[in-house]
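Have a look at the structure below, then the notes.
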Amino acid sequence: MVPELGKRYDPKKVEEWVLSFWKEYEIPRKVREQSLSREDAPLFRFLEGPPTANGYMHVGHARGRTFKDIVLRYYRMKGFRVWDQAGWDTQGLPVELEVEKKLGFRSKKDILEYGVEKFIDECQKLVDYYISEWRSASERLGLWLDYDHAYQTRHPRYIEIAWRFLKEMWERGWLYEDLRVVPVCPRCETALSSHEVALGYKVVKDPSLYFKIKLLDEPNTFLVAWTTTPWTIIANEAVAVHPTETYVKIRVGNEFWILAKKRLEAFAKEVGLQSYEIVEEFPGKALEGKVYEHPLLEEVPKHREHRPPHHTVLTAEWVSMEEGTGVVHCAPAHGPEDFELCKSVGIEVFRPIAKNGVFTEDAGKYAGLWFRDASEKVVEDLRRKGLLVYLGWIEHEYPHCWRCDTPLMYYADRQWFIRIEPIKKTMLEENEKIRWRPDWAGKRFEDWLANARDWCVSRERFWGTPLPVWTCRSCGYRLAVGSFEELRKLAKNPQDFVDPHRPWIDRIVLRCPKCGGDMVREPYVVDVWLDSGIAHTAALHQYGWDHLFDELFPYDWITEAVDQTRGWFYTLLVTSVAMYGKTPFRAVLCQGHVLDKYGKKMSKHLGNVIWAKDFMEKFGADLLRLYVTTKAAPWDSINFDPDEVSEIRRQLDILWNCVLFAHTYASMDRWSAENLEKDLGNALPVDRWILYELKRLVEEVEARILNNDLHLAARTVLNFIVEKLSHRYITLIRPRVWLEEDRVEKRSAYATLFYVIKNVLKVLAPFAPFIAEYLYQAFVKRYDPKALESVHMESWPSIPKELLDESCWRGVEKMFVVAEAVLAARTRVGIKRRWPIKRVVVVAREGLEDIAKGVDVVKIYANVKEIELVSDVGKVEGLEKIYEDKDLVVYADLKLDEETLMEGLAKDVVRRVQVLRKEMDLPIDAWIDRLLIYAVGDLRKAVERFRDYIARETRCREIVLLDAPPEGGRKSVVEGMELVIKLEISR
RNA sequence: GGGCCCGUAGCUCAGCCUGGUUAGAGCGCCCGGCUGAUAACCGGGAGGUCGGGGGUUCAAAUCCCCCCGGGCCCA
């Protein structure tokens, strides 16, 4: 199955062929087995960050997946046993929301009405669909993972590991239930963890409200408080001031206002307070215990029932002097600090609002309002009652639900938490051992770890890993279940255990070990980030591969985008340190994001998302891979502009042309790689030069990959193809391959070219696996019967010493400098390249021996007849100095004589004939029987003098000079002289 | 409020860690050349306040400080 080497690189055709070749011959499976069967070979353990199966792959995902593939392919070629299990994140809010959208749901109530069982079924189906989409897009991209053994977080055995983890936490007392103020998404009606909150900060415009709070025992005296969330005043229960900061009482009209002295000036300025008078100063402590009248007492009658310490002034160190008035209104139901402070003095939480963000009857006149809408009413009421000081607006960041974009609500609620404090120190120590790329990402992670709070793991949702905690209805005893076996043992109805998911799991009733009563499950599922966070263990357990754990853990390398610092990187570390006291990964590559061409985030709302499949359909996977890899460092974000891929396309065109060139001549001469070593043994200095460049290429690419500088690695490969192989090497060997007869120097040129192409394809394979495979099949395999079944079965190249000659490399490099100087001089004085330059003298004090090896470069590249190498400036008179650096001085004879002019004209004639041959589609090796030429003057003389040369170059048996233009001849003008030519061919 | 990344030619990016010729490359543009792998290539040219300001230094794109713009993270 040898594919055609077409005239032009057509990515679509190439990749279609390669995909079917891989499929038919099961290349990915064979390559994986080849890798894993290497006994005693070192392991490379990769842990896949599971994509969430709730949408399609876009080009940003594709970039990260390309990085994974490059590194995995490299390690396979280096002879490692590469662990490459795929994985899918299949549960949690992201999936539920996608299903809700599909079914047109607006709230949790809709799900209950629809039926949880049916809803879960929809979730399963949705996940099935997107997994197959992701798998096919990944395979289309060329990402080779073990998809047949992909871990799935929804798999019962996977869930079992989450249970094992949670039970361990429970038994250590690290899993606990508590009333806390947590961020809640009112749309999803569930609490979120702090790392989820961190994913959703957005800038919003909120009220900046200054309002008065009337003190009960001091006439006409008010505290002035500030808030950006007026709706929380409804649940206000206290006011906090700083104990030691100075507060002032000012007279404004006939009222007295109290606020912090440090804030007075800024406050007066912002609210436009012109005249006031400071009547008293005192520390905040002096206000402690003062009782006030709730500003919305009439509106919220419930507050009439609240007695001190409710509605009193408290003191707290955290009261800020940076913003507001130094008087902070406290709603224990809606602020974490407020909650703690109120709890410490025995204030009860008043929470007149439901989890869906709607005020309840307890909220009096605000009942039924959406929490953020209530702000407006509150402000109105304060104004009416004369308690409004000033209403401004402020732009600040406010957390939103990372999935559905709803503004979050801080809300006191009973939730389940995992203690972070006991493992924090170990996490920080373990982080020191992780190799972060770039290293600042590790510092960022360290900051995050140092500030980590307890992890809220409970979610009041449906599609997720169920929280394995059961509570006894009779005696209140609680326990956590760590495996299915344990569940069956404890269950009163083990026969009902069919699926660990809700709603089925909720029907399992346990027998209370204390009182024999019925135990029911706490109705929560756990944070989806816990699912992926235990992949280090659960991915193996799902397939019963627990015995591999010791060999695979900790994993060598993971890579995901920067946002995972708070997501997967974090939860992996938490669960692993909690379970094993160790980091589960040794190295991380932290990727930057892919933005649209204007630098905007790609999002469905903006409609600027580029789906990976669409893009590959149009341009192919190789172009996508190379574009996203070469554009910037992996950790930098890139602006994705489809127009820019033409640059990559151009470079692959050149590779294609190089191979086509080699194939064109090698096939004509029936060359084969049978005697490759012998032919390489006859390599000329320019061949030695490219072989040495090849060695440098291999080493540099390898070093770049190991350092995760994938952008530099890929650029190096492309640069070699364009600059070294195409521009230089092929130019230099052209005269050698045009030789008619079979000569040693022709065979060594073919051998070198073949060898270099073969190895470049190997080095290119991790980056552009399709074109590398295609050209390997179409070219390498055609000439080398010993070639392997696939380029991806090849080892990473290592160029044998006997092919390397550094002095040839040095000499050729030097002579390129000379050749370029000659070309520049030609342009300067107007000597065309086809007019040969008679003589060039190169003066070098040192290294003449090396330089001598590169004379062909100057002869061929710059069309110079004669090169002289000297060590001093003795005999250069009559020549012009055209170049000088610290090693070299170059002189050239830039005068044109008649002979040279004639030769140039003859070359011109040759070129016109060649153009005609091409237009007539003559095979390269076809003969012309008679070449009829009409020319006058110098042009005629040139044809006469170079008759043999012209005949040879154009493969023509006879040249006939005519005195009149031939019938139907091709007319043209050479240096102002008329030329008419006609080709005669018999069939 | 704190932290991180980015800012260099019309566009996309090197160079900065470790200060030192005239700040580079590719694309695009202009002029010329070459051409049997040629939708390729070669030579030359135009094009730069290296985001701005200050400092250190004999010398700053590079090191330090402040500011501006774009992005990200935390509070």
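Order of the sequence lines sets the chain letters (A, B, ...), proteins ahead of strands, with each chain counted from 1. It should be emphasised that the depicted structure is a prediction, and the values quoted were computed from it without experimental measurement.
- Using a 4.0 Å cut-off between a side-chain N of Lys or Arg and a carboxylate O of Asp or Glu, A:Lys631 and A:Asp636 do not qualify as a salt bridge.
- Between the NZ atom of A:Lys907 and the P atom of B:U35 there is a distance of 8 Å, rounded to whole Å.
- In this structure, CG of A:Leu718 is placed 19 Å from P of B:A25, rounded to the nearest angstrom.
- Regarding A:Phe816, its CZ atom lies at a distance of 15 Å from the C1' atom of B:G43, rounded to whole Å.
- At B:C13, one or more side-chain N or O atoms of A:Lys631 fall inside 4.0 Å of OP1 or OP2 (strictly under the cut-off).
- Looking at A:Lys865 and A:Glu903, a side-chain N of the basic residue comes within less than 4.0 Å of a carboxylate O on the acidic one, giving a salt bridge.
- Protein atom CD of A:Gln914 is 14 Å distant from nucleotide atom C1' of B:C34, rounded to whole Å.
- Note: CZ (A:Arg715) to C1' (B:G24) measures 14 Å, nearest angstrom.
- The shortest distance between the side-chain N/O atoms of A:Arg8 and the OP1/OP2 oxygens of B:A39 is not below 4.0 Å.
- Between the CG atom of A:Leu712 and the P atom of B:C16 there is a distance of 11 Å, given to the nearest Å.
- The base of B:C73 lies outside donor-acceptor range of the side chain of A:Arg444, with no N or O pair under 3.5 Å.
- Counting only residues at least two apart or on different chains, no salt bridge (Lys or Arg N to Asp or Glu O under 4.0 Å) pair has a member in residues 589-599 of chain A.
- Atom CG in A:Asp636 sits about 11 Å away from atom C1' in B:G71, given to the nearest Å.
- Side chain of A:Trp440, nearest nucleotide from B:U35, B:C4, B:A37: B:C4.
- Salt bridge A:Arg704/A:Glu700: present, at least one basic N to carboxylate O contact under 4.0 Å.
- Residues A:Asp447 and A:Lys443 are not paired through a salt bridge, judged by the lack of any N-O separation under 4.0 Å between the basic side chain and the carboxylate.
- Distances from the side chain of A:Asp447 to the nucleotides B:G43, B:A37, B:G3 place B:G3 closest.
- The aromatic rings of A:Phe445 and A:Trp436 are tilted relative to each other, their planes meeting at an angle between 30° and 60°.
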Could you spell out the base pairing of RNA chain B as a dot-bracket line? Use Watson-Crick and G-U wobble contacts where both distances are under 3.5 Å, [ ] for crossing pairs, | for partners on a different strand. (((((((..((((......[...)))).(((((.......))))).....(((((..]....)))))))))))).
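- The aromatic rings of A:Trp455 and A:Tyr570 lie tilted to each other, with the angle between the two planes from 30° to 60°.
- Residues from residues 639-651 of chain A that place a heavy atom under 4.0 Å from any atom of RNA chain B, listed by number: A:Glu644, A:Glu647, A:Arg650.
- A:Tyr861 has no side-chain polar atom (N or O) that falls below the 4.0 Å cut-off from OP1 or OP2 of B:C42.
- With respect to A:Arg650 and A:Glu647, a salt bridge is recorded, a charged nitrogen being found less than 4.0 Å from a carboxylate O.
- The CG-C1' distance, from A:Leu753 to B:A37, rounds to 10 Å in whole Å.
- We find that A:Asp687 and A:Arg736 are joined by a salt bridge, their nearest charged nitrogen and carboxylate oxygen being less than 4.0 Å apart.
- Between A:His727 and B:C42, a side-chain N or O to OP1/OP2 separation shorter than 4.0 Å is present.
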